[in-house]
Amino acid sequence: MTLKMVLPDAKIWKNIIESLTLLDEANFIASERGIELRAMDPSRVAMVDFFLPADAFEEYICSETTRLGVNLDEMTQIMRRAGPSDALEMELEGTSKLTMTFHGQNVRSFGISLLDLGESEYPAPNIESKVKIKLTAEALQQAVKDAEIIGDHIRIVAEEDELILSASSETKDVKVVIEKDSDVIAEFNVKEESSAMYSLSYLSEMTKAIKASELVMLAFSASMPIQLEFPIVAGGKLTYYLAPRIET
Amino acid sequence: MTLKMVLPDAKIWKNIIESLTLLDEANFIASERGIELRAMDPSRVAMVDFFLPADAFEEYICSETTRLGVNLDEMTQIMRRAGPSDALEMELEGTSKLTMTFHGQNVRSFGISLLDLGESEYPAPNIESKVKIKLTAEALQQAVKDAEIIGDHIRIVAEEDELILSASSETKDVKVVIEKDSDVIAEFNVKEESSAMYSLSYLSEMTKAIKASELVMLAFSASMPIQLEFPIVAGGKLTYYLAPRIET
Amino acid sequence: MTLKMVLPDAKIWKNIIESLTLLDEANFIASERGIELRAMDPSRVAMVDFFLPADAFEEYICSETTRLGVNLDEMTQIMRRAGPSDALEMELEGTSKLTMTFHGQNVRSFGISLLDLGESEYPAPNIESKVKIKLTAEALQQAVKDAEIIGDHIRIVAEEDELILSASSETKDVKVVIEKDSDVIAEFNVKEESSAMYSLSYLSEMTKAIKASELVMLAFSASMPIQLEFPIVAGGKLTYYLAPRIET
C-alpha cells in the first residue's frame, strides 16, 4: 500500500483542516481520484462533504483506496506550524502512521498515529433546493455576525429580487437585505420564494474559516437543510449541510 | 413624533458610544439643536456631558424634544458591526424602538427597545478652574498609563511652566514632566499653581477611547473636579468631570 | 557612590529585561567594566549569564562596584512604558532606589526600591562542548516551537553534516533536520557526534524573547548542559545554560 500526496503550498491543507472545526475526528478517504471526507458533526445536525482531486496535488500516488482516521485537533496543531512558503508532503507509513513533512528552508517531519474510526459512511445528500444564490463569502459572513449579536437563530428568506437574513430577540432585532443586483451577488436563482431558520452557532463555524475573496453557493428551500458550497483549488470543494430549525 | 438622524460616517457614532464606558445606560435627549447626554456614572464620582449638534448630521429631523433611554452595551455591540464605509441612519419607531440602519454595500437594520430611565437631569457643572491646559490626548493617555503601573491615584500639579503628573506606592513611583513649551502642549494657562489627586481607573476609562490625533482641554484647581474636554466633529464635544480624591 | 548609565535607545534594555523571564529577581552587578548578571533560575536547572560593557552606553559612570537587586516583574512593567524613540537613564539614588528616566518628548521618571538579595555568586561555567553551531535564532526558535506541540523534551543530535532536533510522544513525533550547508547555518563545528535531551519549557523561554535577525551560538555535548549565546550591542552578550535531562 503506497500513499503519497504532495501539495506545493502547505497553506491549502491548513485552510481545509481549519475549516473542519465542526468535527473532532475525521475519516478521510484517499483513492485514485483524490482525497475526500463525508462526516456528520457529533450532534448530527450538520454534515461536511469535502473533496480535493488528485489534480490539485503536485504528486499524488495512491495504490489502493485507504481510510485515514485523524484527530483534527492534532492535525490542526501540526498545520499551524507550516511556514509561509513550505510545501507539504503527506505519506502513509505502514498502516497506522501518517507522516506530514514540511519542505522549506529545512525539512520538518511530523508523524501522527491514525485512528480506527470504523466505516460509517454517509451517502451524499441529494437535495433539490428552490433557491440557489452565489454571493461573496464576506457578505454571508458579515450577515451571520450581525445576527449573532441578536440571537441564536437566523431566518433566511429569498424573495424574487432580494435575500433577507434576519434575527430577533425580545428586545432587539436585525435585518440584512441583499438586493439581487448587489455587487456581492454573482448568481441569483429563486424558483420559489422560500423562508427557513437555522442555528447561528453552526453557520458561524461554517463561515468563519473561509477567505474573504471567495464566492459561496448558498442553496435552500423552506424547511429543508441549507447547503453552503465553497470552492477549493483545482476543482476541489467543501460543502456544508445544516438541518433547519423546526418551527413550531 | 418624528426623529431621524443620518450620519455620513457611522464611525463617528461608534467612537462616541465607545467613549461612554463609564455608563451602563444613557438617556440621550434629541432636540432641534442636536443630541445630548448628561449623566453620572453609577458610583456618582464622574459625570459625562456630551453634545453633537444637528449640523454634524447629513440629515436631522426632530419634531419635538425626545428622551432615548439606551442600554449602552447593546448599542456598543451594534456599532461594532459598522463597516468602514457605512453611513448610519437612526430613526425612532413609535415611542419605544430605535432603528439603527447601516447603509453600505447592503442595508443592515438593527432595532433596539428603548428603556424608560426616568427624568433625572443634571445641571451643567459650572466650575471656574485655575488651570487650563490643552495638550495632545496621546500625551495625557501615556501619562495615565505610566501612572497606572505604579498606583491607583495620580497627582496632577500645574506650575508656572510645567505640568507634572505623578503616582507612587510603597516601593515605586513615577513622575511625568511636561514642559509648557513642549510639542505636546497647545495652550498653557495657569492662573494659580494647583495640585490635586484623581482616581486612575476613571481617568483610564476617560482617556482610553480617544484618538491619538486629538487635543484635549484639561482643566482643574486644587481639590476641585478635573474636567477633560474632547472635541467631536462639527462643534460637538464630549466632556468628562471627575471628583478629586479627598486627601487626609 | 555614583552610578549613572545612559542608553541612547531604551529598547536595548527592554529587550534584555524581557529575556530574563526565567528569573524572578536579579542581582545586577555594576562595575567599571559594565553591568553584568549571573544567576540560576528558581528551580536551579538553568543559568543566565549576561554582560553589557560600559562601551554600550552613551554615558557610564560607576564610582565603585555595586549590587542592584531588582524585582524583574516591576522592571519589565516599567520598560514596557518606553516609547519608541526614548533614551534611558538609570541612576542610583542613595543605596536602595534606582531611578529610571525615559527622555523623549517628555521626561518620565520611574523609581523602584532595590532589594537585598544577598551575595550568592556563581562561577562562570567552564564547559568544553564537542558541538558548536551558529545558526539563526529564528531557525532554532521554530524548531523549539515544532517540538513543543509534540512533547515536553527535545532531543538534539549533531552529526557530521546535520543538526537534528526531535521530540516524540505516544501518538506523535517530530524531526527537524538542518543541513550543515543550509542558509540558516553560519558556523558548523562538530568535533564528536553528540546527542542530548533538554526540557522544552526552558528552551522555549530562552528562545522566545530573541529577535529573528540574530544569530545564536548553540554548544553542547552528550549528557552535558546546552549553552545558547546571543550577542547584544557593543560586544555584550546573553548566555543561557540548561542542564540536560538525565536519560534512564
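Just so it is clear, the structure is predicted and the values come from calculations on it, not from any experiment. No hydrogens, no waters, no symmetry mates; every other heavy atom, side chains included, goes into these values. Residue numbering restarts at 1 for every chain, and letters A, B, ... go by the order of the sequence lines.
- For A:Ile150, the part sitting under 4.5 Å from any heavy atom of chain B is the side chain, from C-beta outward, and nothing else.
- Looking at A:Glu170, the atoms closer than 4.5 Å to chain B (heavy atoms on both sides) all sit in the backbone: N, CA, C or O.
- Of the residues considered (B:Lys97, B:Arg108, B:Arg81), B:Arg81 shows the highest number of contacts with chain A, using heavy-atom pairs under 4.5 Å.
- With hydrogens and angles ignored, the 3.5 Å screen pairs a side-chain donor or acceptor of B:Arg38 with a backbone N or O of B:Tyr122.
- Heavy atoms closer than 4.5 Å to chain B are found in both the backbone and the side chain of A:Thr171.
- In this structure, A:Arg33 is positioned above the aromatic face of A:Phe51, its NZ or CZ under 6.0 Å from the six-membered ring centre and within 45° of the axis.
- Ranked by heavy-atom pairs under 4.5 Å with chain B, the first of A:Asp173, A:Val184, A:Val176, A:Val177 is A:Asp173.
- Counting only distance, with no hydrogens or angles, the side chain of B:Asp41 and the backbone of B:Ala46 share a donor-acceptor pair below 3.5 Å.
- With hydrogens and angles left out, the side-chain atoms of A:Thr21 and A:Glu205 include a donor and acceptor closer than 3.5 Å.
- The side-chain contact (heavy atoms from CB on, under 4.5 Å) test with A:Tyr241 singles out one residue from A:Val45, A:Leu228, A:Val48, A:Ile127, and that residue is A:Ile127.
- Residue contact with chain A, scored on non-hydrogen atoms closer than 4.5 Å, involves the backbone and the side chain of B:Ile78 alike.
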